[in-house]
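Right, one structure below, let's go through it.
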Amino acid sequence: MANKGQKKGQDDGLNDQMRVRRDKMQALRDKGIDPYGHRFDRTDTTAQLHEKYGEMSKEQLEKEHVEVAIAGRMMTKRGKGKVGFADLQDRDGRIQIYVRKDVVGDDNYLIFKKADIGDILGIHGDVMMTDTGELTVRASHVTFLTKALRPLPDKYHGLTNVEQKYRQRYLDLISNPDSMDRFKKRTQIVSAVRSYLDGNGFLEVETPVLHTSAGGASARPFITHSNALDIDLYLRIALELHLKRLIVGGMERVYEIGRVFRNEGIDTKHNPEFTELETYAAYWDLSDVMTETEELFRSVSNKVLGTGKITYQGQDVDLDKPFAREHMVDAIKRVTGIDFWTPMSTEDAKKLADEKGVHYEDFWQTGHIINAFFEQFVEPTLKQPTFIYGHPIEISPLAKKDPKDPRFVQRFELFIDGNEYGNAFTELNDPIDQRERFEAQAKEREEGNDEAHGIDEDYVEALEYGLPPTGGLGIGIDRMVMLLTDAPSIRDVLLFPTMRPEKKLSEDEL
RNA sequence: GGGUUGUUAGCUCAGCUGGCAGAGCAACGGACUCUUAAUCCGUGGGUCCGGGGUUCGAUCCCCCGACAACCCA
């Protein structure tokens, strides 16, 4: 699609509009005007003008005669012979400009007259109010800053072609203010997350993206190669194991917001690379992390949106109220009537799964099946923020056992509107237990689970020096942004989502 | 992995039962000194996603492929 414009039209590969714009660019050069100009001093952004002068009267503005300089992309244009109006757009919004031939002069007016929608202009002028009450900059001089050689998307409908929005995000940002707003909010959300954690004694750190073994989560990694070391390396699938090494090292409270990579399916909730937040705090347990998680969502929402009461895809969600807390086994019992507190063999559990139509793999044990029951029957019903805790040990190789019932671990996940938003545990700090969990994972891998963890000897060695009791948390930042900006797809909160390249035929394919 | 839908001018979209490819915006020429999806008159612009097939004739029907969106596992 991106190449479409280059292939159509005449022999030069240009369509009529592109040809006209190139001609206009040359015409500017011929007049001694650089179509790709230089620095331009702005006095205000469009938003600042609306803020400062939007409430003033026509007469007041006329009297004060405020001289300003603004710059932006011309989005619309309304000519009227010897006078013209246009809307200039900058990062924060738009403002109308008013250009009169008798004010700017014949030559300068011609520059405005010949300028195309999409060109970037600088305007010196004074602030006025039109008869219809629109705040406007009356130009005293038009400075040409950048020629756009391609036409912009439809000025009224914007860019709606989803594929093109993702592949050419800049066009989406230019023509769809909602999209621009969402990405600004994303920045504010990440900033608010940092602000909360920085204010609670956490140290932001950076750990390696290239790992010698991919651990900390269940996922297939991307593999790459180091020429210098002549070894294969894995792009990280989680931040966990390095951050906990830093807790061993005495940093006590650390967090990282970083890109992780999982070589798995792509859909509305998954992109191969995404941004994860993980935090670790020494001497905390699960209840501390629940408090942290709750405060984090609440404070970020209130800081960025000014409220904790939000709507996600039609579902009202209240982040201000205390989040519900329920044990996974209790939740399954509440919804299905099936009681997994009763000790049962793998065979018994598989029989229950057959009866209820729950799919399972050969290598699954009771814990895997409990989790499948939860995902199938309970997860979609959790609309308001709910902590589900007490996961089966089989699916949680890095969490500390529940001292009262070693079938389960001290772990929780946060669910809102049927989706998972956070995953946390009291960290397993017993190196002997950790080695056994890794060995169980290695066995699972042999039995066909290619997402199972490998044995990370170096990490076990770190634990042998002593990891203090620690509470850890992982939150998918992209999902959080989706929730707070009411985005239906993860691609709507990623500036450049992963896309398959458009097919280009190579020589040997022809 | 399976299913459904989509791909037509720079953008947004029509296109009937298979019969010369259409509109709005954008562009070009002209008129217009407070317009705002400016208006009025005129003009140009197409590899109908790609490749095969059926047919006198295919944007349309059939097959294969590309990319995307949505749903399901």
Side-chain angles (χ1 to χ4, degrees), chain A residues 1-24 27 58 61-62 74-89 94-106 109 112-119 125 128-139 148-168 170-172 174-176 264-270 313 357-361 372 375-376 380 488-492 497-506 509-510:
Chain A
M1 288 227 117
N3 293 327
K4 213 157 60 169
Q6 292 168 351
K7 291 193 172 167
K8 293 184 177 169
Q10 298 176 5
D11 293 345
D12 55 7
L14 304 178
N15 66 37
D16 58 337
Q17 302 201 40
M18 292 163 72
R19 217 170 291 119
V20 164
R21 284 167 184 249
R22 275 167 172 73
D23 290 347
K24 287 179 176 176
K58 187 175 167 69
L61 281 167
E62 218 52 60
M74 189 167 76
M75 301 303 291
T76 65
K77 194 179 168 190
R78 299 171 286 281
K80 222 173 171 298
K82 299 184 177 65
V83 53
F85 293 86
D87 291 324
L88 236 56
Q89 174 170 288
R94 290 185 183 187
I95 197 158
Q96 177 168 265
I97 60 168
Y98 177 39
V99 187
R100 293 175 62 102
K101 192 174 186 176
D102 58 6
V103 173
V104 300
D106 290 4
Y109 190 74
F112 170 75
K113 190 92 175 164
K114 288 286 177 188
D116 287 307
I117 290 176
D119 289 353
M128 59 168 275
M129 194 70 77
T130 63
D131 291 345
T132 50
E134 178 162 354
L135 193 70
T136 299
V137 174
R138 177 168 36 206
L149 293 179
R150 290 171 182 267
L152 288 186
D154 189 282
K155 71 175 178 186
Y156 185 63
H157 298 93
L159 184 66
T160 62
N161 181 321
V162 281
E163 182 173 354
Q164 208 174 350
K165 281 168 64 134
Y166 298 153
R167 290 192 195 275
Q168 296 176 274
Y170 47 91
L171 292 179
D172 182 39
I174 290 169
S175 30
N176 299 321
E264 298 180 335
I266 300 180
D267 59 37
T268 49
K269 294 197 179 68
H270 299 86
Q313 301 297 295
V358 174
H359 174 82
Y360 55 84
E361 303 288 338
E375 287 183 357
Q376 190 165 330
S489 166
I490 193 170
R491 285 175 224 114
D492 296 323
T498 305
M499 302 285 280
R500 191 186 288 277
E502 291 162 289
K503 177 86 170 171
K504 290 191 184 71
L505 291 176
S506 61
E509 277 177 293
L510 294 170

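These numbers come from a predicted model, not from an experiment.
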* Are A/Arg138 and A/Glu62 ion-paired here, with the side-chain N under 4.0 Å from a carboxylate O? -> yes
* Structure fact -> Considering only heavy side-chain atoms of A/Val83, the closest of B/U33, B/G10, B/U35 is B/U33
* B/G53 to B/C25 separation - P atoms, rounded to the nearest Å -> 41 Å
* **Distance test, side-chain N/O of A/Asn15 to OP1/OP2 of B/G45, below 4.0 Å** => no
* To do: Quick one: label A/Leu171 by what it contacts on the DNA or RNA (base, sugar-phosphate, nothing), any heavy atom closer than 4.0 Å.
  => nothing
* With respect to the side chain of A/Tyr156, which nucleotide from B/U12, B/C32, B/A37 is positioned closest? -> B/A37
* To do: Rounded to whole angstrom, note down the C1' distance from B/G51 over to B/A27.
  => 33 Å
* Any side-chain donor-acceptor pair under 3.5 Å between A/Tyr98 and A/Gln96? -> no
* To do: For residues A/Leu135 and A/Met129, determine if any side-chain heavy atom of one lies less than 4.5 Å from a side-chain heavy atom of the other.
  => yes
* Asked: When Watson-Crick pairs (N1 to N3 and N6-O4 or O6-N4) and G-U wobble pairs (N1-O2 and O6-N3) count only below 3.5 Å on both distances, what is the dot-bracket string of RNA chain B, with | for other-strand pairs?
  -> (((((((..((((.....[..)))).(((((.......))))).....(((((..]....)))))))))))).
* Partner residues of A/Thr76 under the side chain to side chain donor-acceptor pair (under 3.5 Å) criterion, sequence neighbours left out -> A/Arg78, A/Asp87
* Asked: Base, sugar-phosphate, or nothing: which does A/Met75 touch, judged by heavy atoms less than 4.0 Å apart?
  -> nothing
* Can you tell which of B/U12, B/U33, B/C34 lies closest to the side chain of A/Asp154? -> B/U12
* What's the closest nucleotide to the A/Lys80 side chain, out of B/C32, B/C11, B/A26? -> B/C32
* So do A/Ile97 and A/Phe85 actually touch side chain to side chain, heavy atoms under 4.5 Å? -> no
* Side chain of A/Asp16 (C-beta onward), nearest among B/U35, B/U33, B/G44 -> B/G44
* Asked: In terms of side-chain geometry, is the basic nitrogen of A/Arg100 or A/Asp102 positioned less than 4.0 Å from the acidic oxygen of its partner?
  -> yes
* **Side-chain donor-acceptor contact under 3.5 Å, A/Tyr166 with A/Asp492** => yes
* Flag if over 12 foreign heavy atoms under 6.0 Å of NZ, A/Lys269 -> no
* Name the residue closer to the 5' end of RNA chain B, choosing between A/Thr160 and A/Asp102 according to the nucleotide with the nearest heavy atom. => A/Thr160
* To do: Determine whether any donor atom in the side chain of A/Glu134 lies under 3.5 Å from an acceptor atom in the base of B/U35, or the reverse, and answer yes or no.
  => no
* Asked: Are A/Val83 and A/Lys101 close enough that some pair of their side-chain heavy atoms sits under 4.5 Å apart?
  -> no
* Residue whose nearest RNA chain B nucleotide is more 5′ - A/Lys113 or A/Thr130 -> A/Lys113
* Touch check for A/Gly158, heavy atoms < 4.0 angstrom, all strands: base, sugar-phosphate only, or nothing? -> sugar-phosphate
* Asked: Which of these nucleotides, B/A37, B/U35, B/A27, is closest to any side-chain atom of A/Ile117?
  -> B/A27
* Structure fact -> Closest to the side chain of A/Arg167, out of B/C67, B/U33, B/G24, is B/C67
Distances for protein N or O near nucleotides 69-73 of chain B N or O, under 3.5 Å:
from, atom 1, to, atom 2, distance (Å)
B/A69, OP1, A/Arg491, NE, 3.3
B/A69, OP1, A/Arg491, NH1, 3.0
B/C70, OP2, A/Arg491, NH1, 3.2

* Asked: A/Lys114 near the nucleic acid: base, sugar-phosphate alone, or nothing, with a heavy-atom cut-off under 4.0 Å?
  -> sugar-phosphate
* Structure fact -> Looking only at B/C11, B/C34, B/G10, the nucleotide nearest the A/Pro153 side chain is B/C11
* Side chain of A/Arg500: nearest nucleotide among B/A68, B/U12, B/U35? -> B/A68
* Contact under 4.0 Å: A/Gln164 side-chain N or O vs B/C11 OP1/OP2 -> yes
